[in-house]
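All values below were derived from every heavy atom in this structure, side-chain atoms included, with hydrogens, water molecules and symmetry-related copies excluded. Proteins come first, then strands; the chains are lettered A, B, ... in the order of their sequence lines, and each starts at number 1. For clarity, every value in this text was computed on a predicted model and none was experimentally measured.
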Amino acid sequence: MSEMSKTYSPKDVEQKWYNCWLEKKSFKPVDGKKEETFSLLMPPPNVTGKLHMGHALDQTCQDVLVRFKRMKGYKTLWIPGKDHAGISTQAVVEKKLYQEEGKTKHDLGREEFEKRIWQWKEQYGDEIFNQLKLMGVSCDWDYDTFTMDEIPNQAVRKVFTELYNEGLIYQSDYIVNWDPILQSAISDAEVEHKEVKGAFYHILYQVQGSDTQLEIATTRPETLLGDSAVAVNPNDERFKHLIGKYAIVPICNREVPIIGDEHVDIEKGTGCLKVTPGHDFNDFEIGQRHQLEIINILNKDGTLNDQGLEFKGMSVKEARKAIVSKLEELSVIVKIEEHIHQVGHGQRSDEIIEPIVSKQWFVNTEAMASEAVKSVENEKMKFFPKTWENTYFSWLRNPKPWCVSRQLWWGHQIPVYYCQENNCSHVWASEAEPQSCPKCQAQNFHQDPDVLDTWFSSGLFPLSTLGWPNEEAMREKGFKEFYPTSTLVTGFDIIFFWVARMMMMCQKFSGQSPFTHTYIHGIVRDKNGRKMSKSLGNGIDPIDIINEYGTDAMRFTLTSGSGYNRGLNLDPERIEGYRNFINKIWNAFRFIAPFLEKASNELPEMRVLGTHDKWILSELNTVSAEVNKSIEEYRFDDASSAIYQFVYDKFCSWYIELSKNILHSDNEHSQNIRSSVLKYCFKKIVALLHPFIPFITEEIWSYLKDEYEPLLISSSYPEHQEEFNFPDEQTQMNKFIETITNIRNLRASVNIKPKEEISAYFFTDDKFFAEFLYENRSFMNDLARVNSGKVFNKKSTRPSKSLMAATSFCEIYVPLEGVIDLEEQVSRITKEIEKTQKEFNKFDKKLQNPKFIENAKPEAVEEAKQKAGAFKEKLESLKISLENFQ
RNA sequence: GGUCGGUUAGCUCAGUUGGGAGAGCACCUGCCUUACAAGCAGGGGGUCACAAGUUCAAGCCUUGUACCGACCACCA
């Protein structure tokens, strides 16, 4: 141990312990002293992605919980997984294929292309897990599940088939968000609205058989080729007489009915609306109400089709330009106004989404959503912080059909089959691969080519990772024990996508909420509160941080910033600060290490413990209680800060400092006691810290632990113990600390050299404290260089013209006659008097107020009296001192 | 437009039934005191966004105003 470095170097330690934990199977669930289990499902990272700071936060919070619960004695399971992430994975591989081989997926064909994605997944998918391991995550890797593994496939097929047979999954011609780049439908949740500069085009439509022209304002003039009506509000005095007549759409000269519909806002635009049921969500609904024709003017790639007339083949953007100039030629454009509006973009492709009517598969979520709402209302599942349930409710209380089909190749192919026998044409869903048509037994059938939305399979992940629906797998994986899981940890951005879907689907198929708590953590941003993004160049790669500062420092930074807040602004300076904290712990250990041989394995008997010992044990007890409570409430910030304060401000600054004198003395008995208490406390400290900073704590533990003891990861977590509460010792020590601080303050105020020794006189009527001062006189020298001190009662005469400081219980005089600047001291004490007077007045005023005495709680009155008394005593001490100067 | 959240020290934020305004970082001063200069000791710094109200008492409760943010909805 002699070669222990002054600075802790994480690199030497982290890999070693991670491998050791794996080897000892420390991440596997084992029976502990608690009967309950604690299980947690990791939000499965995408196989495409690289981990970012958000993942680091997410994983760290989970790992803290898991390590904490494991040490508390719960049978603990953390399930890792990966998501096939249909759209983004397919896009990445397509891009690579094109860049490297100049080929498209169609050149390869579906089967070959899917093979390529599997290869890609095998090659890069594990990269993410390697990164997770660097972060120290303690999940049970044997449970690793991929959303397209056999069991999740079974789950998907079973759920789809049952919902289909119940009529909750259906196929329908419906207007969907069409992504022209992906050439697939996407769900509402995958559409992001962005502000775009556009224009209002005011166009004249001729009313048939009349001179009247209707002025219609639109932001999308090109869609007039798909118009099948003009709508006005039936209560609009200006236009209601026209209802029932026909209007002529310019360019295509189509006659369309003028209809009345409440949807039309009299105030908005011109009050006349062109209705394009094929390319607008609202118009689609108007169309349904009035049985209007749906005219599709677009191809799958977003270009105009045959309905586009002479504009056929143009993109929407080109067509808009061309059509506007054509309209201008026809002199039917009244005006063009600039207009900024929100336009839907694909979450993945970032391309403008075209509403298009097409045949898609939908899930009717109404009943499932209402159950999911109930679970949260009945607190079967609770959000932390609670306010996120608003977001959850807003989505689920207003459920819309969920479009689950995607026109992709990568994903779970929809298990619906079409019999191709002419006289049969049976359509059915099947849990297993069918051999023949169940109706006509023909073998001539084909499967629906579309795949399912990624969230369909991840929505079932709490069930499928535990083996469902395969009974053998469920037994093997302990479904009964671990389902429902305990807590879900995730970011608010996927409350709709994932949390809501798991709640709906898992509850439907298991009858239980898939987890009982959901902790929503904040989003990691840069130090200025901006989102981390490539374009801003402000991203921080967790792996870089780990390499520079160590995993523990990164983890502690993240947890110390994570409570019930919405964001976490990550400033590299803070990471450095916590790196320093890690180093502090290391050095505290270096101090203790040489004395470990003298320490016994157990805490010495209570009767031999001194005030310092009882004080630190009592403080340790307090911090243990705080940390336990905070982690249970997901207040990782409070927990981190409680230990941080304890380590710095109690253990290092005072207990270690007070120990030096003893450990370097000749008294072996005292040495043994002190080293034993130090060891005991330090073991508790590293245990308390282990969930947050697992590596350095396991390293230090290896030196502290006795042979028979297990690894720290498998040891028990410190808890509050009533027998270690020593309020009297805490009071005495607090007074002592205040006194020392006052002396140091006096020294600093007149620039006494740190090495120079002084004498001091104490005036106090507190008998216990006087005794304590006497007993601790040698420590006075260690901590404040007071080489001789005398204690008097307050009736005694004070020395004149001395440095002086006062607390509420004690006056401190440092005689330095001839050395000190009298005026300066007078002014310092006068200032102190003013300050103390103000504080006294505050409480005195309260006590003078009869209404306060009358109405306030007795405790509040009592407290005010005490405070006033204390300030008064201090005030009087200061006044005496001031008089001595005059 | 709807919903939710925010406004507290130079910066990032905490503040739990209403009862003396806190932390970390940064800053200033003095120290290489043998665990630690990635350190030690000391210090300065806040009309708690603004206004009214309830109360003996408001950072905290009510109402209003201003600004900031997130999400949802909205392509006339």
Q. In terms of the nearest nucleotide of RNA chain B, which residue is placed more toward the 5' end: A:Ile656 or A:Lys629?
A. A:Lys629
Q: Please figure out whether A:Asn855 or A:Asp638 has its closest RNA chain B nucleotide nearer the 5' end.
A: A:Asp638
Side-chain donor-acceptor pair present, [X], [Y], cut-off under 3.5 Å:
X        : Y        : value
A:Tyr8   : A:Asn587 : no
A:Arg574 : A:Thr557 : no
A:Asn841 : A:Gln837 : yes
A:His202 : A:Glu215 : yes

Describe the nucleic acid contact of [X] in one word from base, sugar-phosphate, nothing, applying a heavy-atom distance below 4.0 Å.
X        : value
A:Gln342 : base
A:Gln645 : sugar-phosphate
A:Ala856 : base
A:His279 : nothing
A:His193 : base
A:Val196 : nothing
A:Pro850 : nothing
A:Lys753 : nothing
A:Tyr644 : sugar-phosphate
A:Thr218 : sugar-phosphate
A:Ile582 : nothing
A:Asn398 : nothing
A:Ile353 : base
A:Arg397 : nothing

**Q.** Closest approach of A:Ala639 to A:Ile631 (non-hydrogen atoms, all atoms of both residues)
**A.** CB-CG1, 4.0 Å
Q.
Parallel, tilted or perpendicular, judged at 30° and 60°: which one describes the rings of A:Phe692 and A:Phe636?
A. perpendicular
Q. So A:Trp586 and A:Phe589, would you call those rings parallel, tilted or perpendicular, with 30° and 60° as cut-offs?
A. tilted
Check: residues 850-858 of chain A side-chain donor-acceptor pairs under 3.5 Å, at least two apart:
| from | atom 1 | to | atom 2 | distance (Å) |
| --- | --- | --- | --- | --- |
| A:Asn855 | ND2 | A:Lys851 | O | 3.3 |

Q.
I want to check one thing: is the phosphate of B:U29, taken as OP1 and OP2, less than 4.0 Å away from some side-chain N or O of A:Asn751?
A. no
Q.
Applying ring pair (Phe, Tyr, Trp, His ring centres under 6.0 Å) to A:Tyr578 and A:Tyr549, what does each step give before you reach the verdict?
A. CA-CA 9 Å; A:Tyr578 289 117; A:Tyr549 300 104; over 10 Å; no
Q.
Under 3.5 Å for both pairing distances: what stems, at least three Watson-Crick or G-U pairs long, include RNA chain B?
A. B:1-7 with B:66-72, B:10-13 with B:22-25, B:27-31 with B:39-43, B:49-53 with B:61-65
Q.
Which nucleotide wins on minimum distance to the side chain of A:Glu863, given the candidates B:C74, B:G15, B:G19?
A. B:G19
**Q.** A:Phe496 ring center near A:Tyr392 ring center (under 6.0 Å)
**A.** no
Output one line per pair: protein atom, nucleotide atom from nucleotides 36-41 of chain B, and distance, for all N/O pairs under 3.5 Å.
| from | atom 1 | to | atom 2 | distance (Å) |
| --- | --- | --- | --- | --- |
| B:C36 | O4' | A:Asn587 | OD1 | 3.0 |
| B:C36 | O2' | A:Asn587 | ND2 | 3.3 |
| B:C36 | O2 | A:Lys584 | NZ | 3.2 |
| B:C36 | N3 | A:Lys584 | NZ | 3.0 |
| B:A38 | O4' | A:Asn580 | OD1 | 3.0 |
| B:A38 | O2' | A:Asn583 | ND2 | 3.1 |
| B:A38 | N3 | A:Arg579 | NE | 2.8 |
| B:G39 | OP1 | A:Asn580 | ND2 | 3.1 |
| B:G39 | O3' | A:Lys584 | NZ | 3.2 |
| B:C40 | OP1 | A:Lys584 | NZ | 2.4 |
| B:A41 | OP1 | A:Ser653 | OG | 3.4 |
| B:A41 | O3' | A:Arg744 | NH1 | 3.4 |

